[in-house]
Amino acid sequence: QVQLAESGGGLVQTGGSLRLSCAASGRTFSTYAMGWFRRAPEKEREFVAAINWTGERTFYSDSVKGRFTISRDKPKNTVYLQMNSLQPGDTAVYYCAGDPRGVPMIDQAEHWGQGTQVTVSS
């Protein structure tokens, strides 16, 4: 069983940066594809970024490409989302997700964290 816990959210001004962390428990984490999603108030959940189990392939939504970077540290069982040039439109609850079936299934991931709030002030 894999459990995920996000941290690193907070309040930041437009143009600022934050780094989210997702700590995973469970020895199978290293074989999981991992992803980040977000949900803004009154909006649908949105895919943000994903990384395959080796860490060699990354994927981003068009809205964050070039500003956000996903990475993973297997020895630390942690996935990161470095967010730069933040805009008010990035305000949302950010969720970490993990799935053993690979990146194509990440939207239907088996494991989800509780989320961390990111607020970008204008």
Side-chain angles (χ1 to χ4, degrees):
Q1 184 73 12
V2 173
Q3 293 184 324
L4 306 175
E6 304 94 336
S7 62
L11 174 64
V12 64
Q13 292 184 335
T14 295
S17 298
L18 282 175
R19 188 177 78 158
L20 304 184
S21 299
C22 173
S25 62
R27 56 185 177 179
T28 59
F29 164 78
S30 63
T31 64
Y32 277 43
M34 302 296 295
W36 287 95
F37 293 77
R38 65 187 183 187
R39 177 171 284 163
E42 300 181 358
K43 290 189 176 181
E44 297 286 323
R45 187 183 69 197
E46 176 189 15
F47 167 77
V48 175
I51 188 167
N52 76 331
W53 74 277
T54 66
E56 293 175 349
R57 298 191 68 191
T58 56
F59 307 84
Y60 300 93
S61 68
D62 288 341
S63 61
V64 307
K65 195 173 297 181
R67 300 189 297 125
F68 291 11
T69 302
I70 187 171
S71 61
R72 67 190 302 163
D73 186 332
K74 287 189 175 184
K76 293 185 178 179
N77 277 3
T78 302
V79 174
Y80 303 99
L81 185 68
Q82 178 66 44
M83 306 186 295
N84 298 329
S85 301
L86 283 162
Q87 303 295 319
D90 296 317
T91 295
V93 177
Y94 283 71
Y95 298 90
C96 175
D99 196 280
R101 298 168 292 176
V103 169
M105 299 302 293
I106 200 65
D107 192 51
Q108 303 165 48
E110 294 181 354
H111 305 283
W112 294 83
Q114 294 299 308
T116 185
Q117 176 71 46
V118 171
T119 303
V120 184
S121 63
S122 57

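In what follows, every heavy atom counts, from backbone to side chain, and hydrogens, waters and symmetry copies are set aside. This structure is a prediction, so every number in the text was calculated from the model and none was measured.
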*Asks:* Is it the case that over 12 heavy atoms from other parts of the model lie below 6.0 angstrom from the NZ atom of K74?
*Replies:* yes
*Asks:* Take R72 and F29 through the side chain to side chain contact (heavy atoms under 4.5 Å, CB included) test and state the conclusion after the steps.
*Replies:* CA-CA 11 Å; R72 67 190 302 163; F29 164 78; 3.6 Å; yes
*Asks:* Does V2 belong to the same Ile/Leu/Val/Met/Phe/Trp/Tyr cluster as I51, with side-chain heavy atoms less than 4.5 Å apart forming each link?
*Replies:* yes
*Asks:* Is P100 close to E110 at the side-chain level, that is, under 4.5 Å between some pair of heavy atoms?
*Replies:* yes
*Asks:* Taking all non-hydrogen atoms of both residues into account, name the closest pair between A40 and A92 and its distance.
*Replies:* N-CB, 3.8 Å
*Asks:* Return the minimal non-hydrogen interatomic distance between S17 and S85, and the atom names on each side.
*Replies:* OG-N, 4.3 Å
*Asks:* Between OH of Y80 and OG1 of T69, what distance do you get to the nearest 0.5 Å?
*Replies:* 14.0 Å
*Asks:* Look at the side chain of R101 and the backbone N and O of Q108, then say whether any donor-acceptor pair between them is shorter than 3.5 Å.
*Replies:* yes
*Asks:* With a cut-off of 6.0 Å (strictly less than), are more than 12 heavy atoms of other residues, nucleotides or ligands near CZ of R57?
*Replies:* no
*Asks:* Are more than 12 heavy atoms from other residues, nucleotides or ligands located less than 6.0 Å from atom CD of Q87?
*Replies:* yes
*Asks:* Would you compute the distance between atom CG of D73 and atom OG of S30 and round it to the nearest 0.5 angstrom?
*Replies:* 12.0 Å
*Asks:* Going by the side-chain contact (heavy atoms from CB on, under 4.5 Å) test, name the single residue among L4, D99, L81 that passes it with M34.
*Replies:* L4
*Asks:* How many angstroms lie between atom CD of Q114 and atom SG of C96, to the nearest 0.5 angstrom?
*Replies:* 11.5 Å
*Asks:* Please step through side chain to side chain contact (heavy atoms under 4.5 Å, CB included) for the pair D90 and M83, ending with a clear verdict.
*Replies:* CA-CA 9 Å; D90 296 317; M83 306 186 295; over 6 Å; no
*Asks:* Counting N and O atoms only, with roles assigned by atom type, does the side chain of T119 sit under 3.5 Å from a partner on the main chain of T91, one being a donor and the other an acceptor?
*Replies:* no
*Asks:* When the ring planes of F37 and W112 are compared, do they come out parallel, tilted or perpendicular, using 30° and 60° as the limits?
*Replies:* tilted
*Asks:* Using 30° and 60° as the class limits, which term best fits the ring planes of Y94 and F68: parallel, tilted or perpendicular?
*Replies:* tilted
*Asks:* When hydrophobic residues are tied together by side-chain contacts of less than 4.5 Å, even through go-betweens, does F47 share a cluster with V93?
*Replies:* yes
*Asks:* Can you establish whether the number of heavy atoms outside Q117 located under 6.0 Å from its atom CD is more than 12?
*Replies:* yes
*Asks:* Write down the atom of V64, the atom of V48, and the distance for their closest heavy-atom approach.
*Replies:* CG2-O, 3.5 Å
*Asks:* Flag yes if V12 and W36 sit in one hydrophobic cluster, no otherwise; membership is Ile, Leu, Val, Met, Phe, Trp, Tyr, and two members link when side-chain heavy atoms are under 4.5 Å apart.
*Replies:* yes
*Asks:* Where do G9 and L20 come nearest, in terms of heavy atoms and distance?
*Replies:* N-CD2, 3.6 Å
*Asks:* Looking only at non-hydrogen atoms, find the nearest pair between Y95 and G113 and report the distance.
*Replies:* CD2-O, 3.7 Å
*Asks:* Take S61 and R38, measure what side chain to side chain contact (heavy atoms under 4.5 Å, CB included) needs, and give me the verdict at the end.
*Replies:* CA-CA 11 Å; S61 68; R38 65 187 183 187; 5.5 Å; no
*Asks:* In terms of hydrophobic clustering (I, L, V, M, F, W, Y; side-chain heavy atoms under 4.5 Å; direct or indirect links), are I106 and I70 co-clustered?
*Replies:* no
*Asks:* Testing the basics here: between G102 and A33, what is the closest heavy-atom pair and its distance to 0.1 Å?
*Replies:* C-CB, 3.5 Å
